[in-house]
Amino acid sequence: MSQKPSISKGTRDLLPSDVIKRNYIFDCIRKAFRLHGFLPIETPSFELSSTLMGKYGEEGDRLIFRILNSGEKMKKADLSALQENNLPKFANSLSEKALRYDLTVPFARFVVQHQNSLTFPFKRYQIQPVWRADRPQHGRYQEFFQCDGDVVGSDSLWHEVDLLHIVDEVLTELNLPGFTLKINNRKILAGIAEICGETNRIVEITVSLDKLDKIGEEGVVQELKDKGFSEGTIEKITPLFSLQGDFDDRVGYLTRFLASSSVGLEGLEELKFIHEKIKQFPLQKGEVMLDVTLARGLNYYTGAILEVSAHGVQMGSICGGGRYDDLTALFGLKGLSGVGVSFGADRIYDIMETLQLFPEALNSDLDVLFLNFGEKETDVCQSLCMQLRKLGFSSEVYPSNVKIQKQMKYANDRKVKWVAILGEDELNNGTIALRNMVDGNQEMIELSQFISRFHSDSAPKTQ
RNA sequence: GAGGUUGUAGCUCAGUUGGUUAGAGCGUCGGUUUGUGGUUCCGAAGGUCGCGGGUUCGAGACCCGUCUUCCUCCCCA
């Protein structure tokens with residue numbers, strides 16, 4: 001009985017080299033968060049359905065992976081709901097648990113649940129997989145990792161500044177050639193809606209606005225028309241399409257545009273603060289841009305909205321984030337402001353792969369291989385091998401005394417840096433041969449000098 | 001969730017209007033007189049042609065369903 005091996009759609013296996021590369025990204029993100037005082041946490045991969053459902057809008061619920069009840073619980077299935085064609089209700093009767101859809105909502109639950117053991121402002125980072133029942137596409141998977149950092153319990157805008165620096169540090173260290181940090185503020189979007197006299201339809205307006213770079217000015221206008229907005233509203237919004245110039249120019253224009261909206265001006269003030277601080281404490285490689293069409297975001301953002309895109313590749317956003325003032329209120333804790341950022345590690349991975357940004361050194365994970373010539377020789381090698389490990393060099397002894405050609409081939413396939421050869425002759429002479437597998441050079445070394453070679457400058461270095 | 005697209009050896013792909021025993025390259029494994037890899041040479045293994053049904057004397061080729069792939073929309077990392 002054999003079965004054709006395959007994996008579920010939207011998921012991937014990772015080969016050793018893939019994991020090594022991804023860990024490289026994770027390590028970089030972890031390091032940045034740690035340096036900025038964030039603490040690590042973890043939450044379960046699945047939560048109670050009630051924790052997740054209804055938190056991501058109507059569309060969101062559809063994309064949540066539900067976990068089917070098992071055993072006796074299956075009898076709870078609400079068949080009458082099925083007959084009434086009330087599928088959501090039927091689904092709820094079949095399932096009490098669901099895979100987490102992001103890290104932010106579980107984090108909000110976590111904060112409320114553990115509020116007595118946390119010190120606020122609480123800064124946490126979390127690197128774990130999330131699942132979405134989305135249709136897979138380029139750069140979109142059903143299982144992918146998010147790397148989130150959030151601060152709760154402080155409404156200071158310095159956190160927004162801090163998060164921009166974290167993004168910049170990570171992407172700069174990963175050697176991305178360039179990237180833009182687009183920022184906006186939900187309050188500005190609210191102001192725009194207010195100016196249009198459509199305060200209640202802010203989401204509809206901004207969702208259309210967000211598509212500007214995708215479907216163009218005409219497309220947005222058409223979509224607004226289709227949604228039933230008046231000519232007057234559309235006329236008011238149109239000038240925003242051609243908003244140009246640098247950050248200050250745009251702020252200047254928006255100051256006039258939003259003059260009669262107090263909430264809009266408030267949002268603008270927040271952006272100005274962030275921008276000022278970034279000018280004062282500049283980023284390394286990131287370019288900050290004010291983008292009023294940026295409306296991404298889960299329904300819960302209330303202040304700053306952030307999205308990062310890499311230059312030179314066709315790929316959706318690689319980081320997103322923003323401020324949400326009342327997320328924990330959903331779980332009964334009011335008045336706790338949060339702000340956070342999320343790295344899309346899998347997309348960053350894909351970009352680094354296409355732009356070939358991974359360091360060459362990641363390919364070689366074994367520094368030294370000792371060839372196996374039999375038990376007597378191997379005893380000596382084993383001792384040397386253990387000493388090398390203590391010095392931090394990854395090394396191993398070939399497990400069996402097979403043809404040298406085969407052992408060499410193994411070393412080659414493993415991309416080993418050095419092969420140590422100790423056969424009968426060497427054993428009798430008290431020497432050992434060390435072969436550099438990159439350039440093919442081989443030299444004889446006194447056995448007693450072997451380990452010290454790995455202290456000296458000419459020795460191979462782990463990178 | 002809507003529309004389109006794809007599926008042949010481990011990988012990349014051939015396969016003529018339906019017609020014997022489905023091919024190639026790469027990779028894998030073995031050998032090339034067991035002390036030297038990445039470049040030679042010889043040989044071998046490996047496929048119920050995504051899966052299920054149908055049309056036909058006959059299907060890898062045609063039809064239906066299903067899953068998968070990639071793309072557009074929706075939405076998002």
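Chain naming here is simple, since letters A, B, ... match the order of the sequence lines and numbering starts at 1 in each. All figures in this text were calculated on a predicted structure; none of them were measured in a lab.
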Requested in this report: Spell out yes or no: do the side chain of A:R62 and the base of B:rC75 have one donor N/O and one acceptor N/O closer than 3.5 Å?
Outcome: no
Report task. Say whether, by atom type as modelled, one donor and one acceptor occur between the side chain of A:N69 and the main chain of A:L94 under 3.5 angstrom. Result -> yes
Query raised in the report: Taking atom CE of A:M386 as the centre, does the number of heavy atoms from other residues, nucleotides or ligands within less than 6.0 Å exceed 12?
Result: no
Report task. Just compare B:rU36, B:rA77, B:rU69 and give me whichever is closest to any side-chain atom of A:R140. Result -> B:rA77
Requested in this report: Determine whether more than 12 heavy atoms belonging to other residues, nucleotides or ligands lie under 6.0 Å from atom NZ of A:K227.
Outcome: yes
Query - Contact summary for A:I202 and A:R186, nearest pair of heavy atoms - result: CD1-NE, 3.6 Å
Query raised in the report: If the P atom of B:rC26 is compared with that of B:rU39, how far apart are they to the nearest Å?
Result: 11 Å
**Report entry** Interatomic distance at C1', B:rG43 relative to B:rG35, whole Å
**Finding:** 26 Å
Query raised in the report: If you measure from the ring centre of A:F343 to the centre of the six-membered ring in the base of B:rA77, is it under 5.5 Å, with the planes under 30° apart?
Result: no
Query raised in the report: Looking across every strand, which nucleic acid part, if any, lies under 4.0 Å from A:D134 by heavy atom: base, sugar-phosphate, or nothing?
Result: base
Report task. Report yes or no: does A:N401 contribute a side-chain atom to a donor-acceptor pair with the main-chain N or O of A:E375 at less than 3.5 Å? Result -> no
**Report entry** Flag if over 12 foreign heavy atoms under 6.0 Å of CD, A:E443
**Finding:** yes
Query raised in the report: Tell me: CZ of A:R22 to P of B:rA77, nearest whole Å?
Result: 18 Å
Query raised in the report: Can you tell me if CZ on A:F46 sees more than 12 non-hydrogen neighbours from other groups inside 6.0 Å?
Result: no
Query raised in the report: Distance between the C1' atoms of B:rG47 and B:rC51, in whole angstroms?
Result: 15 Å
Query raised in the report: On a whole-Å scale, what distance lies between the P atoms belonging to B:rU48 and B:rC42?
Result: 29 Å
Query raised in the report: For A:R435 and B:rG35, what is the distance between atoms CZ and P respectively, to the nearest whole Å?
Result: 15 Å
Query raised in the report: Counting side-chain heavy atoms from CB outward, which of B:rG35, B:rG38, B:rC75 is closest to A:N412?
Result: B:rG38
Query - Check: B:rU34 base within 3.5 Å donor-acceptor of A:Q407 side chain - result: no
Query raised in the report: Is A:K285 atom NZ crowded by more than 12 heavy atoms from other residues, nucleotides or ligands, each under 6.0 Å away?
Result: yes
Report task. Kindly assign one of parallel, tilted or perpendicular to the pair A:F122 and A:F110, based on the angle between their ring planes and the thresholds 30° and 60°. Result -> parallel
Query - Nucleic acid contacts - residues 164-175 of chain A versus RNA chain B, non-hydrogen atoms under 4.0 Å - result: none
Requested in this report: With a 3.5 angstrom cut-off on both distances, give the Watson-Crick or G-U wobble partner of B:rU66, or none if there isn't one.
Outcome: B:rG50
Requested in this report: Determine the Euclidean distance between corresponding C1' atoms of B:rA24 and B:rA9; express it in Å to zero decimal places.
Outcome: 11 Å
Query raised in the report: Hey, is CD on A:E217 packed in by over 12 heavy atoms from elsewhere, all under 6.0 Å?
Result: yes
Query - Under 3.5 Å donor-acceptor pair, A:R132 side-chain atoms to B:rA77 base atoms - result: yes
Query - Interatomic distance, A:H138 NE2 vs B:rU69 C1' [rounded to whole Å] - result: 15 Å
Query raised in the report: Considering only the P atoms, how many Å lie between B:rU56 and B:rG10, rounded to the nearest integer?
Result: 34 Å
Query - Presence of donor-acceptor pair under 3.5 Å, side chain of A:R347 and base of B:rC76 - result: yes
Query raised in the report: If you look at every strand shown and take non-hydrogen atoms under 4.0 Å, does A:V416 touch a base, only sugar-phosphate, or nothing?
Result: nothing
Report summary line: The residue, A:E307 or A:V402, whose nearest nucleotide of RNA chain B is more 5′ is A:V402
Query raised in the report: Can a donor-acceptor pair under 3.5 Å be found between the side-chain atoms of A:Q405 and the base atoms of B:rU34?
Result: no
Query raised in the report: Testing A:V203, A:L209, A:I205 for side chain to side chain contact (heavy atoms under 4.5 Å, CB included) with A:V207, which one passes?
Result: A:V203
Query raised in the report: B:rU69 and B:rA59: how far apart are their C1' atoms, nearest whole angstrom?
Result: 24 Å
Report summary line: In Watson-Crick or G-U wobble terms, with both distances under 3.5 Å, the base opposite B:rU21 is none
Query - Residue closer to the 5' end of RNA chain B, A:V308 versus A:L371 (nearest nucleotide) - result: A:L371
Query raised in the report: Looking only at atom C1', what distance separates B:rG7 and B:rC70, rounded to whole Å?
Result: 11 Å
Query raised in the report: For residues 419-432 of chain A, which residues have at least one heavy atom under 4.0 Å from RNA chain B?
Result: A:I421, A:G423, A:E424, A:D425, A:E426
Query raised in the report: Once you round it to whole Å, what is the distance between C1' of B:rC73 and CZ of A:R135?
Result: 10 Å
Requested in this report: Take atom CD of A:Q137 and atom P of B:rC73, then tell me their distance rounded to the nearest Å.
Outcome: 7 Å
